[in-house]
Amino acid sequence: MAINQTENLFDDFAADYDRMINWEERLRREAPLYRKVFSDTGATRVLDTACATGQHAIMFSSWGLEVAASDISSDMIAAAQRNAEEAGGTIDFKTAGLAEIDRVFSPGFDVVNCMGNSLPHLKSKESLLKAFSSVAGVLKPGGFFLLQVRNYHRVYARNERFMPLNSRAEGDREYLYLRMIDLGEEFLNFNIVVLAKNEAGKWSYRVESEKLKPWKFSDIEPCLQKNGFAVSGVFGDFGFGPFEPLESTDLIVIARKNG
Ligand SMILES: C[S@@+](CC[C@H](N)C(=O)[O-])C[C@H]1O[C@@H](n2cnc3c(N)ncnc32)[C@H](O)[C@@H]1O
């Protein structure tokens, strides 16, 4: 059994990521929020950051938007490119961390998207500020930044250490994904236990772990303001529910770049 404590847990995780997530169900749940943001803002050019295997970017492209997407992991970007080719979408993919997007894309995006609890991979306030500065650099004046993280107020208050179990069967192979968190004062340790059954019916497991920073709204808002953003909407779930610190599952923030 291997326990891999890494700087980016998702670096070597592209195949598992598409097995772990039920994309059809997830995108069906999230799509109304993106559709509303894109339609309210009249967006035509969208950048999906920390895009992983590109599933959001592919959906946005299927809606007729001009889409670019980036991730710090070249493995994720390779998987995203394969997924986009299969889906027939034309997407400008780049391997780039959040702090580098203003160096790899030309400015003028209407919306920059950062979903799936990606910001906690940025472990210091300085790196959060750099990332937001880079997002501001690629947005047009008046453009929107849409971000989501888990609601860590609730996670900590309820000691929510386990996420729902995900499973996938592929022929004779089976996979189980158990995501669990060790909550610490300043950081948490995020673990994914991957249990895999091979064709011979033999089970094995490995654990992927990464230290994450549980950013809350009170951390995020001042960093947005310092980079010329004003928060224009805060939601607690993808159904536009209000953000309730002790109840909401998500923290979803819509911020407008001044100008
Ligand atoms: C939890 S996944 C979320 C992926 C996707 N956005 C979603 O909603 O499912 C986090 C992603 O962030 C990427 N990542 C980690 N650190 C990053 C950084 N500093 N800049 C950009 N992407 C990063 C990982 O490679 C991974 O693909």
Side-chain angles (χ1 to χ4, degrees), residues 4 6-31 33-34 46-60 67-84 91 93-105 111-135 137-138 145-150 152 155 163 166 177 179-181 187-192 194 208-215 223 237-238 249-253:
N4 304 314
T6 50
E7 192 49 37
N8 177 13
L9 177 162
F10 291 104
D11 210 12
D12 207 11
F13 204 77
D16 283 299
Y17 201 62
D18 272 347
R19 285 188 202 113
M20 183 174 77
I21 310 266
N22 179 340
W23 280 107
E24 207 181 311
E25 187 274 326
R26 184 174 161 196
L27 292 178
R28 194 178 328 114
R29 182 167 47 86
E30 294 183 3
L33 185 105
Y34 305 122
V46 173
L47 170 62
D48 188 33
T49 61
C51 70
T53 53
Q55 304 288 354
H56 288 95
I58 292 165
M59 178 173 75
F60 301 157
V67 182
S70 58
D71 196 283
I72 201 165
S73 159
S74 55
D75 267 13
M76 282 294 191
I77 289 297
Q81 272 162 334
R82 284 194 298 275
N83 284 340
I91 294 162
F93 286 109
K94 298 265 195 296
T95 300
L98 274 153
E100 289 129 31
I101 54 173
D102 59 345
R103 276 185 257 148
V104 299
F105 293 110
V111 175
V112 173
N113 188 48
C114 185
M115 282 294 127
N117 203 41
S118 298
L119 289 178
H121 292 278
L122 305 174
K123 295 169 180 77
S124 66
K125 193 174 157 192
E126 191 195 14
S127 58
L128 197 62
L129 282 166
K130 272 194 190 151
F132 290 174
S133 160
S134 185
V135 171
V138 293
F145 182 25
L146 175 57
L147 68 90
Q148 174 272 351
V149 291
R150 287 195 75 192
Y152 285 111
V155 170
M163 293 170 72
N166 290 356
Y177 297 93
R179 290 163 292 174
M180 48 192 293
I181 307 171
F187 294 99
L188 56 84
N189 210 40
F190 178 58
N191 310 285
I192 308 184
V194 183
E208 303 288 350
S209 296
E210 183 183 346
K211 187 174 89 168
L212 297 180
K213 178 79 182 168
W215 296 115
C223 292
D237 56 53
F238 282 86
T249 50
D250 298 283
L251 168 63
I252 299 169
V253 178

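In listed order, ligands and their atoms are each counted from 1.
Taking every heavy atom of both residues into account, Ile101 and Leu98 meet most closely at CG1-O, 3.4 Å. Nearest heavy atoms, Ala69 versus Phe105: O-CZ, 3.6 Å. Contact record, Thr53 with Met76: CG2-SD, 3.8 Å, taken as the closest heavy-atom pair.
Between the side chain of Gln148 and the backbone N or O of Gly116, at least one donor-acceptor pair lies under 3.5 Å. At distances below 3.5 Å, not a single donor-acceptor pair connects side-chain atoms of Ser70 with backbone N or O atoms of Thr95. Distance alone, capped at 3.5 Å, places no donor-acceptor pair between the Asn166 side chain and the Ile21 backbone.
Every atom of ligand 1 is numbered from 1 in the order shown, and the set under 4.0 Å from a heavy atom of Met115 is 3 (C), 6 (N), 8 (O). For ligand 1 and Gly97, the ligand atoms under 4.0 Å from any heavy atom of the residue are 20 (N), 21 (C). Near Ser73, the atoms of ligand 1 lying under 4.0 angstrom from a non-hydrogen atom of the residue are 25 (O). Within ligand 1, the atoms closer than 4.0 Å to a non-hydrogen atom of Asp71 are 11 (C), 12 (O), 13 (C), 24 (C), 25 (O), 26 (C), 27 (O), numbered from 1 in the order shown. Taking a cut-off of under 4.0 Å to the non-hydrogen atoms of Asn8, the atoms of ligand 1 that pass are 15 (C), 24 (C), 25 (O). Close approach of ligand 1 to Met76 (heavy-atom distance below 4.0 Å) involves ligand atoms 27 (O). Taking every heavy atom of His56 and a limit of under 4.0 angstrom, the matching atoms of ligand 1 come to 7 (C), 8 (O).
By the 3.5 Å distance cut-off applied to N or O atoms, Ala50 is counted among the residues near ligand 1.
Contact annotation for His121 and ligand 1: only side-chain heavy atoms (C-beta onward) come within less than 4.0 Å of the ligand.
Contact analysis leaves Phe13 out of contact with ligand 1, as no non-hydrogen atom separation drops below 4.0 angstrom. The shell of residues lying under 4.0 angstrom from ligand 1, judged by heavy atoms, excludes Gln55. Residue contacts with ligand 1 leave out Gln148, since none of its heavy atoms falls under 4.0 Å from the ligand.
Side-chain contact between Lys94 and Ile77 is absent, with no heavy-atom pair separated by less than 4.5 Å. Here the side chains of Arg179 and Met20 are in contact, with some heavy-atom distance below 4.5 Å. The side-chain heavy atoms of Tyr34 and Leu146, taken from C-beta on, include a pair separated by under 4.5 Å.
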Any chance you could lay out the ring-ring contact (aromatic ring centres under 6.0 Å, His included) test for Trp215 and His121, step after step, and finish with the verdict?
CA-CA 10 Å; Trp215 296 115; His121 292 278; over 10 Å; no
Please lay out, stage by stage, how Thr49 and Ser118 fare under the test side chain to side chain contact (heavy atoms under 4.5 Å, CB included).
CA-CA 9 Å; Thr49 61; Ser118 298; over 6 Å; no
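The distance from the CG atom of Leu147 to the CZ atom of Phe132 is 5.5 Å, given to the nearest 0.5 Å.
Here the heavy atom of the protein found nearest to atom 19 (N) of ligand 1 is Leu122 CD2, 3.5 Å. In terms of protein heavy-atom proximity, atom 10 (C) of ligand 1 is nearest to Ser118 OG, 3.4 Å. Annotation: atom 1 (C) of ligand 1 to nearest protein heavy atom, Gly116 O, 3.0 Å. The protein non-hydrogen atom at the shortest distance from atom 20 (N) of ligand 1 is Leu98 N, 2.9 Å. Residue, atom and distance of the protein heavy atom nearest to atom 8 (O) of ligand 1 are Arg26 NH2, 2.7 Å.
Comparing Leu119, Ile192, Ile72 by heavy-atom distance to atom 18 (C) of ligand 1, the nearest is Ile72. Between the choices Phe10, Phe190, Tyr17, Trp23, the shortest heavy-atom distance to atom 3 (C) of ligand 1 belongs to Tyr17.
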